[in-house]
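Numbers here are sequence positions counted from 1. No hydrogens, no waters, no symmetry mates; every other heavy atom, side chains included, goes into these values.
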Amino acid sequence: MANESTARPYVPIVNFASLSLQNVKREDADEASVQELADQILEAFSTVGFVYLKNTGIQTTEVTNIMQTSRRFFELPREVKRRYAEKDGAGAGYREIGAQTFEADKPEDLRESFDLHLDTPDSVYPEAEVPELMPLTRQFTDRCKELALRVLYLIAVGLKLEDRCFFDKNHFEMESKSFTGIRLLYYPEIKNPSDVKDKQTRCGEHSDWGSITLLFQDDVGGLEIKNVEGKFVEATPVEGTVLVNIADLLQRWTSDRLISAPHRVKMSTTGGSSSRQSVAFFVFPDNSTVVQSLDSAHKYPPIITADYAAEKIASTFY
């Protein structure tokens with residue numbers, strides 16, 4: 001694993017211990033500590049759009065277990081994985097290389113994924129081949145959901161919203177239907193650099209669509225974030241942390257005060273790369289939530305979450 005000292009300072013590292021899932025109930029947290037943490041996170045989201053959180057309470061062993069288990073699925077023969085392919089726009093299931101491309105003028109992204117939402121039926125899971133995946137994924141999703149709500153609460157505190165539970169009420173509570181879900185990602189090893197097409201990447205430049213994203217990565221690296229000068233900066237993996245970023249709808253909600261920064265996963269400079277894994281938890285407002293400016297700027301027109309997500313899906317999935 002990468003050492004914390006090797007991480008580039010561009011992405012701040014914030015100690016989340018005062019609201020750790022391990023031993024702190026949100027309502028019991030010290031007010032001064034909560035305000036300090038909220039200010040640190042808001043500063044990161046207002047300048048970079050990303051932050052590394054350490055001491056969240058989600059253990060390294062939990063992340064290792066889900067990555068090892070999902071890897072067993074991704075290493076299955078192609079014809080087996082295709083049995084669990086996403087069907088009829090359901091948004092859940094396996095997606096092979098080329099199923100989603102963020103940059104239409106470039107070759108397909110070199111990655112595979114398995115998407116699972118909060119209401120994904122049992123039949124989507126590869127029970128016969130990897131029976132542990134369903135219980136592990138559902139348990140990890142619950143942990144991510146709890147952490148996400150704490151981050152959203154801190155954002156409300158940092159923004160000095162009168163209702164600190166504003167985001168809680170628009171995520172997970174109003175209704176069960178949501179685009180929120182977990183994505184298991186696998187970037188296969190590139191053994192022969194000549195197999196890589198011109199301008200091909202592991203994941204093309206994009207911003208996330210929802211409110212926030214929690215990302216758990218292995219130590220291989222490759223993720224880059226576009227800074228305010230338009231240059232890409234490497235987000236070096238930091239052991240024991242969760243990388244959290246702002247997504248489009250929260251940028252709209254805050255009239256661009258919080259930054260939904262474009263990012264990508266690059267190939268190595270030699271064109272070849274070892275395999276890479278990550279787990280992303282994409283957090284969306286409930287489908288019926290109308291996202292509109294929290295201030296008087298009204299920089300963006302109001303939009304229904306489900307409509308915004310549908311537009312983005314139509315433009316990237318093939």
Side-chain angles (χ1 to χ4, degrees), residues 14 16-46 49-51 53 55-58 116-119 138-182 208-215 242-255 257-260 280-295 300 302-309:
V14 172
F16 204 78
S18 59
L19 271 181
S20 169
L21 304 183
Q22 191 71 12
N23 50 24
V24 180
K25 291 183 178 180
R26 192 171 81 178
E27 59 269 22
D28 295 336
D30 175 71
E31 175 63 24
S33 298
V34 167
Q35 187 63 59
E36 180 182 9
L37 183 54
D39 291 343
Q40 290 176 329
I41 287 177
L42 203 75
E43 173 66 18
F45 287 155
S46 301
F50 281 72
V51 67
L53 299 181
N55 299 318
T56 62
I58 294 180
L116 299 157
H117 295 292
L118 301 178
D119 56 354
R138 287 180 171 172
Q139 181 182 30
F140 195 74
T141 294
D142 287 342
R143 298 279 280 163
C144 289
K145 175 181 172 181
E146 187 177 358
L147 177 59
L149 282 171
R150 294 190 182 206
V151 173
L152 290 168
Y153 174 77
L154 287 167
I155 292 172
V157 173
L159 291 172
K160 296 180 170 50
L161 298 186
E162 183 175 346
D163 182 2
R164 290 185 170 188
C165 294
F166 173 81
F167 293 119
D168 294 46
K169 295 173 181 177
N170 289 283
H171 296 79
F172 309 118
E173 291 193 356
M174 291 175 64
E175 57 176 330
S176 61
K177 286 293 183 182
S178 167
F179 284 92
T180 295
I182 197 165
D208 294 343
W209 307 336
S211 297
I212 60 173
T213 301
L214 313 182
L215 183 71
V242 183
L243 184 59
V244 185
N245 64 278
I246 295 296
D248 295 350
L249 287 175
L250 199 47
Q251 176 170 312
R252 291 175 68 108
W253 241 327
T254 61
S255 298
R257 181 175 177 183
L258 305 186
I259 300 170
S260 179
F281 185 69
F282 298 108
V283 181
F284 280 79
D286 297 319
N287 284 350
S288 62
T289 297
V290 178
V291 176
Q292 54 189 338
S293 298
L294 290 168
D295 58 19
Y300 299 97
I303 192 166
I304 298 172
T305 297
D307 293 344
Y308 185 80

Does a side-chain heavy-atom distance below 4.5 Å link [X] with [Y]?
{"X": "I303", "Y": "V290", "result": "no"}
{"X": "L42", "Y": "R257", "result": "yes"}
{"X": "F281", "Y": "T180", "result": "yes"}
{"X": "L53", "Y": "V151", "result": "yes"}
{"X": "F140", "Y": "L116", "result": "no"}
{"X": "L154", "Y": "V34", "result": "yes"}
{"X": "P302", "Y": "V291", "result": "no"}
{"X": "T56", "Y": "L214", "result": "no"}

Just how far is it from atom [atom1] of [X] to atom [atom2] of [Y], taken to the nearest 0.5 Å?
{"X": "Y308", "Y": "D248", "atom1": "OH", "atom2": "CG", "answer": "3.5 Å"}
{"X": "H117", "Y": "S178", "atom1": "NE2", "atom2": "OG", "answer": "8.5 Å"}
{"X": "E27", "Y": "Y153", "atom1": "CD", "atom2": "OH", "answer": "9.5 Å"}
{"X": "K169", "Y": "D163", "atom1": "NZ", "atom2": "CG", "answer": "3.5 Å"}
{"X": "C144", "Y": "L149", "atom1": "SG", "atom2": "CG", "answer": "11.5 Å"}
{"X": "L19", "Y": "N55", "atom1": "CG", "atom2": "CG", "answer": "12.0 Å"}

Write down the atom of [X], the atom of [Y], and the distance for their closest heavy-atom approach.
{"X": "A44", "Y": "F50", "value": "CB-O, 3.7 Å"}
{"X": "I58", "Y": "R143", "value": "CA-NH2, 3.7 Å"}
{"X": "S46", "Y": "I259", "value": "O-CD1, 3.1 Å"}
{"X": "L152", "Y": "S211", "value": "CD2-CB, 4.5 Å"}

Query raised in the report: Are N245 and T213 close enough, and set up right, to give a side-chain contact (heavy atoms from CB on, under 4.5 Å), and what steps lead you there?
Result: CA-CA 5 Å; N245 64 278; T213 301; 3.3 Å; yes
Query raised in the report: Under the ring pair (Phe, Tyr, Trp, His ring centres under 6.0 Å) criterion, do F167 and W253 qualify, and how do the steps go?
Result: CA-CA 11 Å; F167 293 119; W253 241 327; 5.3 Å; yes
Query - S293 and S255: CA distance, side-chain angles, deciding distance, side chain to side chain donor-acceptor pair (under 3.5 Å) verdict - result: CA-CA 6 Å; S293 298; S255 298; 3.3 Å; yes
**Report entry** Test item: D208 side-chain N/O and G210 main-chain N/O as donor-acceptor pair under 3.5 Å
**Finding:**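 No: the side chain of D208 does not pair with the backbone of G210.
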Query raised in the report: Hey, is the main chain of V14 close enough, under 3.5 Å, to the side chain of Q40 for a donor-acceptor pair?
Result: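 No, Q40 side chain to V14 backbone: no donor-acceptor pair under 3.5 Å.
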**Report entry** Full working for side-chain contact (heavy atoms from CB on, under 4.5 Å) between R138 and T141
**Finding:** CA-CA 5 Å; R138 287 180 171 172; T141 294; 5.5 Å; no
Query raised in the report: Run the side-chain contact (heavy atoms from CB on, under 4.5 Å) check on V244 and F45 step by step: do they pass?
Result: CA-CA 9 Å; V244 185; F45 287 155; 3.8 Å; yes
**Report entry** From CA spacing to verdict: side-chain contact (heavy atoms from CB on, under 4.5 Å), R26, D168
**Finding:** CA-CA 13 Å; R26 192 171 81 178; D168 294 46; 2.8 Å; yes
**Report entry** I304 atom CD1, neighbour heavy-atom count above 12 within 6.0 Å
**Finding:**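 No, not enclosed.
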